[in-house]
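A, B, ... follow the sequence lines: proteins, then strands. Residue 1 opens every chain. Small disclaimer: the values here were computed from a predicted structure and weren't measured.
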Amino acid sequence: MPELPEVETMRRGIEPHILNETIITIIVRERRLRWPVSKQFDAQAPGSKVQQVQRRSKYLLVYTSKGCIILHLGMSGSLRILDVNTPAEKHDHVDIVFSNNKIIRFRDPRRFGSVFWTRADPLKHKLLIKLGPEPLDEIFCPELLFKKSRGRKQNIKTFIMNSQIVVGVGNIYACESLFLAGIHPTTAAGKISKKRLEILVETIKDVLNKAIKKGGTTLKDFTQADGNPGYFAQSLNVYGRESEPCNVCKKPVKKITQCQRSTFYCPACQR
DNA sequence: ACATTGACCTGGGAGC
DNA sequence: TGCTCCCAGGTCAATG
């Protein structure tokens, strides 16, 4: 469900509500997420005070005085800030209750999301330690992409979705950035010129930045932390537009499958 | 080292 | 109306 812009939007929406607030209690209704929610979480987190809310890749990091809560929303997860007495509904798996009578409510029908609690550095967590560079960081640059892609036969679309290469480029924005770069999604990563990779790095940064500015893409059940939907969906060029005319050349957008994921592209504009 | 596939889950929409 | 099938924004572990 959420890609990097949605998670960043979520982070910005949530932080002001909980900064400097104390966690009163943790309510776990369902521990069976992508990984089981540990009992240390609800045992140890209460009494801790929120110091900052950060993001690494698509993980939200809630740093507190006693440890860090690591949240991932998977495909169908959402977080909302609610009043403490709002009744829980189906799939509302975890509540974090704060001293200002607000709660963060984690809902996730498909349970691909995860919630961790760690007293160590969250960036050293097993699932975060191997992550590649942030796409909006200057470390993610054409030289790096060029170097990492040489000798790779994998198609460029799957390649840029590999979190060891660069994090935060999910299915939507992989399709969109390749469209804007004019690169055909099936091209072998290792055969793309440095010049074209320069453009690709630029379009990845652009598309993510623009989506963050617009508050994330609206798709199905995505809502921002305050419950208002984002509105980036209307500016998608190819994603979800199979058979519809390309915004540039009017030829029909094509849909193919790569690595078991749908890829949308314009066969005329992307070579 | 690299590349691909299966797996984890539920809900919504299409088609019959 | 109701059933079945297919699809979905992620990403890890296992397998070639």
Side-chain angles (χ1 to χ4, degrees), chain A residues 1-10 29-37 55-60 70-79 89-94 106-116 125-132 135 147-178 185-191 204 207-208 211-212 214-224 229-236 238-243 255-264:
Chain A
M1 134 178 205
E3 297 211 25
L4 184 144
E6 287 77 9
V7 178
E8 179 58 25
T9 300
M10 197 80 77
R29 300 185 190 81
E30 176 58 84
R31 292 189 188 276
R32 296 172 304 165
L33 305 183
R34 177 74 156 86
W35 280 275
V37 180
R55 179 188 58 72
R56 170 73 173 111
S57 183
K58 294 171 188 167
Y59 293 92
L60 273 180
I70 305 173
L71 300 161
H72 196 290
L73 301 175
M75 293 270 261
S76 58
S78 67
L79 293 178
E89 294 173 29
K90 200 177 178 185
H91 308 305
D92 287 342
H93 305 312
V94 178
F106 177 89
R107 174 181 296 183
D108 187 6
R110 288 175 74 179
R111 293 195 272 121
F112 286 176
S114 46
V115 180
F116 301 102
H125 188 279
K126 182 191 164 197
L127 298 179
L128 280 75
I129 188 100
K130 289 182 188 167
L131 294 174
K147 205 174 154 189
K148 285 198 182 186
S149 61
R150 291 312 92 175
R152 295 286 197 119
K153 292 177 180 171
Q154 194 174 43
N155 67 71
I156 187 65
K157 193 262 192 166
T158 305
F159 184 73
I160 59 172
M161 287 181 71
N162 178 347
S163 65
Q164 308 228 32
I165 304 302
V166 58
V167 302
V169 182
N171 206 25
I172 295 178
Y173 299 110
C175 294
E176 293 298 312
S177 53
L178 286 171
T186 63
T187 315
K191 293 203 314 186
I204 288 172
V207 80
L208 292 175
I212 290 169
K214 296 204 178 188
T217 307
T218 301
L219 282 169
K220 296 189 179 165
D221 55 348
F222 174 70
T223 53
Q224 291 184 63
Y231 19 77
F232 191 63
Q234 58 207 8
S235 27
L236 296 178
V238 285
Y239 186 86
R241 299 193 59 236
E242 184 185 16
S243 307
K255 178 182 173 180
I256 56 172
T257 298
Q258 294 182 291
C259 232
Q260 310 180 106
R261 308 297 299 276
S262 293
T263 298
F264 298 86

Study note, to complete from the structure: Whole-Å distance, A:Phe106 CZ to B:dT10 P, equals 14 Å
Study note, to complete from the structure: Taken to the nearest whole Å, CZ/A:Arg107 to P/B:dG11 is 11 Å
Review point. Does A:Arg111 make a side-chain donor-acceptor contact with the base of B:dT10, cut-off 3.5 Å?
Key: no
Point to revise | Base of B:dG6 paired with side chain of A:Gln260 (donor-acceptor, under 3.5 Å) | key: yes
Would you please confirm or rule out a distance under 4.0 Å between OP1 or OP2 of [N] and any side-chain N or O of [X]?
X: A:Arg34; N: B:dC9; value: no
X: A:Arg32; N: B:dC9; value: no
X: A:Lys153; N: B:dA3; value: no
X: A:His72; N: C:dC12; value: no
X: A:Gln154; N: B:dC2; value: no

Answer yes or no: is there a side-chain heavy-atom contact under 4.5 Å between [X] and [Y]?
X: A:His93; Y: A:Val115; result: no
X: A:Val167; Y: A:Arg56; result: yes
X: A:Ile212; Y: A:Leu4; result: yes
X: A:Gln258; Y: A:Pro185; result: yes
X: A:Leu79; Y: A:Leu60; result: yes
X: A:Pro5; Y: A:Tyr173; result: yes
X: A:Ile160; Y: A:Leu178; result: yes

Report which part of the nucleic acid [X] touches: base, sugar-phosphate, or nothing (heavy-atom distance under 4.0 Å, all strands).
X: A:Arg261; result: base
X: A:Tyr59; result: sugar-phosphate
X: A:Lys90; result: sugar-phosphate
X: A:Lys255; result: sugar-phosphate
X: A:Ser262; result: sugar-phosphate

**Study point:** Stem list, DNA chain B (Watson-Crick or G-U pairing under 3.5 Å, at least 3 consecutive pairs)
**Key:** B:2-8 with C:10-16, B:10-16 with C:2-8
Using atom [atom1] in both nucleotides, what's the gap between [N] and [M] to the nearest angstrom?
N: B:dA3; M: C:dG9; atom1: C1'; value: 23 Å
N: C:dC6; M: B:dG6; atom1: P; value: 15 Å
N: B:dC9; M: C:dA14; atom1: P; value: 16 Å

Between N or O atoms, less than 3.5 Å apart, protein on one side and nucleotides 2-5 of chain C on the other: list the pairs.
none

Point to revise | Residue mapping more 5' on DNA chain C - nearest nucleotide basis, A:Lys130 or A:Arg110 | key: A:Arg110
Check your understanding: Going by the angle between their ring planes, with limits at 30° and 60°, are A:His72 and A:Tyr59 parallel, tilted or perpendicular?
Key -> perpendicular
Review point. With a centroid cutoff of 5.5 Å and a plane-angle limit of 30°, would you call A:Phe112 stacked on B:dC8?
Key: yes
Study note, to complete from the structure: Regarding the side chain of A:Ser163, the nearest nucleotide among C:dC12, C:dA13, C:dG10 is C:dC12
Revision key, fill the gap. From the candidates C:dG10, B:dT10, C:dG9, the one with an atom nearest any side-chain atom of A:Lys58 is C:dG10
Point to revise | Pairwise salt bridge (charged side-chain N to carboxylate O under 4.0 Å, His left out) hits with a residue in residues 151-161 of chain A, at least two apart | key: none
Review point. Are A:Asp108 and A:Ser76 close enough that a side-chain donor and a side-chain acceptor fall under 3.5 Å?
Key: yes
